[in-house]
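Note sheet for the following structure.
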Amino acid sequence: MQASTICLRCHQKCHLVAEVIDGKVAAVVDAQAANRTPACREVCPLGMDIPGYVIAASKGKFDKALEIIRDSNPFPQVCGRICHHPCEVECIRGAVDEPVAIMSLKRFVAEHGRKAEATITAVRRTRKETVAIVGSGPAGLTAAHDLVKSGYGVTVYEGASEAGGMLSRIIPEFKLPKASVQADIESIRRLGVEIKTNSPVGKAITLEDLRQRHNAVLLAIGSWTPAALNLPGSDLHGVYYALPLLEEIKKGKSVDLGSRVVIIGGGNTAIDVARAAIRLGAKEVHVTCLESRKTM
């Protein structure tokens with residue numbers, strides 16, 4: 001099997017074999033008893049055609065690679081920066097030397113496949129039904145992307161002045177530039193998704209209003225309420241909750257955390273706060289959590 005038939009580099013150890021006809025992959029089967037998909041694609045939460053876009057990118061066909069990515073993933077710019085990339089953990093090439101840099105490759109393709117972005121046009125409506133989606137975060141916009149490509153009319157209602165949810169308003173700029181988020185959102189708009197910002201649902205617009213206007217309503221409002229600690233002193237000055245704090249920082253507001261900061265928690269949000277605290281001038285930043293360093 002030639003290197004260009006499947007994943008370029010990992011074919012030495014891969015159990016998959018390909019049937020190639022006229023230079024094109026006609027079929028992929030497992031050399032073992034039970035058929036299976038490539039390991040990278042098998043663990044991808046979106047089931048992306050990773051071998052497909054890796055092959056296209058290797059040939060310099062960045063527009064084609066981006067087209068393959070966008071078939072299942074409406075956020076290539078975002079995922080090229082903050083995906084936890086389980087595909088690389090399972091990449092069989094890692095048994096030889098190191099995994100293919102799949103996430104970085106996705107970012108490269110998203111930034112260089114500009115022609116493909118410019119040619120995105122509205123998907124033809126094939127169904128008379130319309131769907132209302134409350135919330136324009138990753139869940140809401142992914143649902144909008146999939147529904148509009150299935151032929152439905154889709155309107156997204158967002159209470160804030162900008163779409164994107166935590167992608168736009170919480171994740172620090174140094175980790176995920178807002179311009180990258182907006183580029184992905186603009187591509188979703190071009191498919192025909194209508195996004196109404198400054199349109200909170202609950203008062204001026206009620207759920208009953210949406211039920212009357214649309215055939216279905218999807219609630220994708222996220223989880224914005226911080227988990228409070230029922231501890232004495234949790235309401236004292238200088239005690240912050242991570243999401244509101246990161247939102248203030250994202251807005252560019254001046255926040256003085258002092259010279260010594262302790263962070264309770266060991267997840268992604270906690271680390272985002274730790275990195276932001278250093279950038280805000282803190283001299284010491286300590287992270288404390290229940291998990292071990294390996295599992296935090």
Item to check | Pairs meeting criterion salt bridge (charged side-chain N to carboxylate O under 4.0 Å, His left out) with involvement of residues 70-79, two or more places apart | outcome: R70-E117, R70-D184, D71-K149

Item to check | Whether H112 and F62 hold their rings parallel, tilted or perpendicular, with breakpoints at 30° and 60° | outcome: tilted

Item to check | Pairs satisfying salt bridge (charged side-chain N to carboxylate O under 4.0 Å, His left out), at least one member in residues 226-243, at least two apart | outcome: none

Checklist entry - Can you pull the side-chain hydrogen bond (donor to acceptor under 3.5 Å, both in side chains) pairs that have at least one residue in residues 262-281, sequence neighbours excluded? => result K175-D272

Item to check | Pairs involving residues 118-145, ordered by first then second residue, that meet salt bridge (charged side-chain N to carboxylate O under 4.0 Å, His left out) (sequence neighbours left out) | outcome: none

Checklist outcome for this item: The residue among T155, T142, L147 that forms side chain to side chain contact (heavy atoms under 4.5 Å, CB included) with I133 is L147

Checklist entry - Is there any side-chain hydrogen bond (donor to acceptor under 3.5 Å, both in side chains) pair reaching into residues 79-91, and which pairs are they, with sequence neighbours excluded? => result Q77-R81, R81-E111, R81-S180

Item to check | Y240: partners by ring pair (Phe, Tyr, Trp, His ring centres under 6.0 Å), with sequence neighbours left out | outcome: none

Checklist entry - So which residues get pulled into L236's cluster when ILVMFWY side chains under 4.5 Å apart are joined, directly or through others? => result V239

Next on the checklist: I need the full list of salt bridge (charged side-chain N to carboxylate O under 4.0 Å, His left out) pairs touching residues 281-296, with sequence neighbours left out, sorted by first then second residue.
Outcome noted: R260-E284

Checklist outcome for this item: The single option from C87, C44, P51 that satisfies side chain to side chain contact (heavy atoms under 4.5 Å, CB included) with P38 is P51

Next on the checklist: I'd like to know whether CD1 of I264 has more than 12 heavy-atom contacts from other residues, nucleotides or ligands below 6.0 angstrom.
Outcome noted: no

Checklist outcome for this item: Across all chains, not counting sequence neighbours, the side-chain contact (heavy atoms from CB on, under 4.5 Å) partners of K203 are none

Item to check | For V262, side-chain contact (heavy atoms from CB on, under 4.5 Å) partners two or more places apart | outcome: H286, T288

Distance-only check: which donor-acceptor pairs under 3.5 Å involve side-chain atoms of residues 211-225, not counting sequence neighbours?
unit_1 : atom_1 : unit_2 : atom_2 : d
H214   : ND1    : T130   : OG1    : 3.1
H214   : NE2    : Y157   : OH     : 3.0
N215   : OD1    : T130   : N      : 2.9

Next on the checklist: Once side chain to side chain donor-acceptor pair (under 3.5 Å) is applied, do any residues pair with S292, and if so which ones, sequence neighbours excluded?
Outcome noted: T295

